[in-house]
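All remarks here apply to the structure that follows.
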2 protein chains.
Amino acid sequence: MSDAQPLYAKVKDHILENIRSGAWATGRRVPSENELVESFRISRMTANRALRELTAEGFLSRVPGVGTFVREAPARSSLMELRNIAEEIAQRGHRYSSRLIRKGVIDSNPALAEEFEDRGLKQLFHIIIVHEENGVPVQLEDRYVNPTVVPDFLEQDFADTTPTAVLLAATPVDELEHTVEAALPSTEQQRLLGISALEPCLALYRRSWSRGRVATAVTLTYPASRYALYSRHRTSARGTFSQ
Amino acid sequence: MSDAQPLYAKVKDHILENIRSGAWATGRRVPSENELVESFRISRMTANRALRELTAEGFLSRVPGVGTFVREAPARSSLMELRNIAEEIAQRGHRYSSRLIRKGVIDSNPALAEEFEDRGLKQLFHIIIVHEENGVPVQLEDRYVNPTVVPDFLEQDFADTTPTAVLLAATPVDELEHTVEAALPSTEQQRLLGISALEPCLALYRRSWSRGRVATAVTLTYPASRYALYSRHRTSARGTFSQ
DNA sequence: TGTATAAGGTTGTATATACAGTATAGTCGA
DNA sequence: TCGACTATACTGTATATACAACCTTATACA
């Protein structure tokens, strides 16, 4: 289990854990490569790899001749936050409800293995849920979950908690990928959302990573007439815009 | 110059150059570590670092026991960052072109004044541009610009520079607001984008603030079949997700 | 013919070693 | 007191080597 984890990954996890828990505050000095060599009984190259990757991933910042430090949290985020649609709807003072369409285990295939970046993955959890606002379907959730990351996912009864809430409680989210497309609904989607074939939909596809592994991949379909995606956020002071 | 560049970076550049230029198509096998060792006269660890980093950056995909391959790069636009579509298209190795539909001054009205949070605003700059990838329209840009923030905006000839590039060069961006919707195109949009009435579109509405004032408001319309919006980013280490 | 085995290439990880460049703290000397 | 020099610690890069796991292909065998 944890034995299968390479050494450099263990070092990374150890450091991330300290950052996440708040034990190591922003700007605090992180153990140097040589200190990690001693405490973990590893070679310097392995310590170097752990620190270098965490730096590339934005968690640390390194200064030659000085040391390695916990980097300040980027101001970005917030654009597409992981929001629990139930609370979102409740926040608007509306009534939230949901219909569980499917909940079970599905065999993997090459496409799913690619999606989850794990060719050894044999099976996946799969659920389909329709979320409703005041009884009107507003979101169709078609979600795959990695059992090795969230093994007890299916034990939940999704009548009162949303999958998003379950996943956020179960595992930290390190990275998010979003793709937004417009599409006309399939007949199945028309049926589940109660819309016509001419009602365009937003398809928000999202993958989330946890500790380097793809935890879940979900496609959220919104009828255009009932939902729009919105975000507003300040940009970092240093202007990290590409071009 | 090139002397200052580390060996692994040279290898990375060499591979990226082949990918960007199109010499190595997606799915094509790239040289193995041992082949790079021979051709570059480097050690295997250096070749490994180059390939490993390019994989982490999303350009390559590796399969143990088989080889390393060029990863697919779908046509999609960065959602959260302000990217210059011309460079985005060029980066994919495609040809960028544009058609200027309208460029002029428009009188303000209550709706626009509200949008720009400035009731004293009398006039606005207004441009409409169709952006094309390999001659095919992929984005319709309908943009209003605040003259008090960018007074010389209209002096640009938008044949070779995009409005995004002009605005980014002229003024810092402090804050962004995005709204994404799906919609069927209007007849005007159908005509400009060369699509049918049944082709759903993504409508990305964006306002950007500069020094507390709304600098520009733009609606970007993408035909669903030709473009998707994409974003991928790391979350803050301390997990700032809202429920 | 079908199956088991072996061989060789590929990636993944880990170590030991080496040298260069950078920043800091302390020491020595004018 | 101030400046130059030195020792030290730290990161950055590069090499040679080793072993494991994985995949494909060829070969030997039943």
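Naming convention: chains lettered A, B, ... in sequence-line order (proteins, then strands); numbering from 1 in each chain.
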With distance as the sole test, does [X] use its side chain to make a donor-acceptor pair with the main-chain N or O of [Y] at under 3.5 Å?
X	Y	result
A:Glu141	A:Ile129	no
A:Ser210	A:Pro172	yes
B:Asn134	B:Arg95	yes
A:Arg207	A:Glu115	yes
A:Asn146	A:Val214	yes

Closest-nucleotide 5' rank along DNA chain C - winner of B:Asn34 and A:Tyr8
B:Asn34
Is any side-chain heavy atom of A:Pro163 closer than 4.5 Å to a side-chain heavy atom of A:Ile127?
yes
Results of ring-ring contact (aromatic ring centres under 6.0 Å, His included) for A:Tyr144 - residues two or more places apart only:
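Expected list: A:His126.
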Could you work out, with ring-ring contact (aromatic ring centres under 6.0 Å, His included) as the rule, every residue matching A:Tyr222, not counting sequence neighbours?
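A:Tyr222: ring-ring contact (aromatic ring centres under 6.0 Å, His included) contacts with A:Tyr227.
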Looking at residues 51-59 of chain B, who's got a heavy atom less than 4.0 Å off DNA chain C?
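Contacts with DNA chain C under 4.0 Å: none.
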Just how far, in rounded Å, is [atom2] of [N] from [atom1] of [X]?
X	N	atom1	atom2	value
A:Phe69	D:dT11	CZ	P	8 Å
B:Asn48	D:dT13	CG	C1'	14 Å
A:Leu36	D:dA9	CG	P	16 Å

In terms of ring plane angle, is the pair B:Phe40 and B:His14 parallel, tilted or perpendicular, where the classes change at 30° and 60°?
perpendicular
Between protein and nucleic acid, restricted to nucleotides 19-26 of chain D and to nitrogen or oxygen atoms under 3.5 Å apart, what atom pairs and distances do you find?
unit_1: D:dC23; atom_1: OP1; unit_2: A:Arg119; atom_2: NH2; d: 3.0

Of all nucleotides in DNA chain C that come within under 4.0 Å of a heavy atom of chain A, which is furthest toward the 5' end and which toward the 3' end?
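Taking any atom under 4.0 Å from a heavy atom of chain A, the span is C:dT13 to C:dA23.
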Quick one: on DNA chain D, does B:Met45 or A:Glu35 contact a more 5' nucleotide (nearest heavy atom)?
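Upstream on the strand: A:Glu35.
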Scan residues 53-62 of chain B for pairs that pass salt bridge (Lys or Arg N to Asp or Glu O under 4.0 Å), counting only residues two or more places apart or in two chains.
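Of all non-adjacent pairs touching residues 53-62 of chain B, those that pass salt bridge (Lys or Arg N to Asp or Glu O under 4.0 Å) are A:Arg52-B:Glu53, B:Lys12-B:Glu53, B:Lys12-B:Glu57, B:Glu33-B:Arg62, B:Arg49-B:Glu53.
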About how many Å separate CG of A:Leu167 and CZ of A:Arg143, when rounded to the nearest 0.5 Å?
5.0 Å
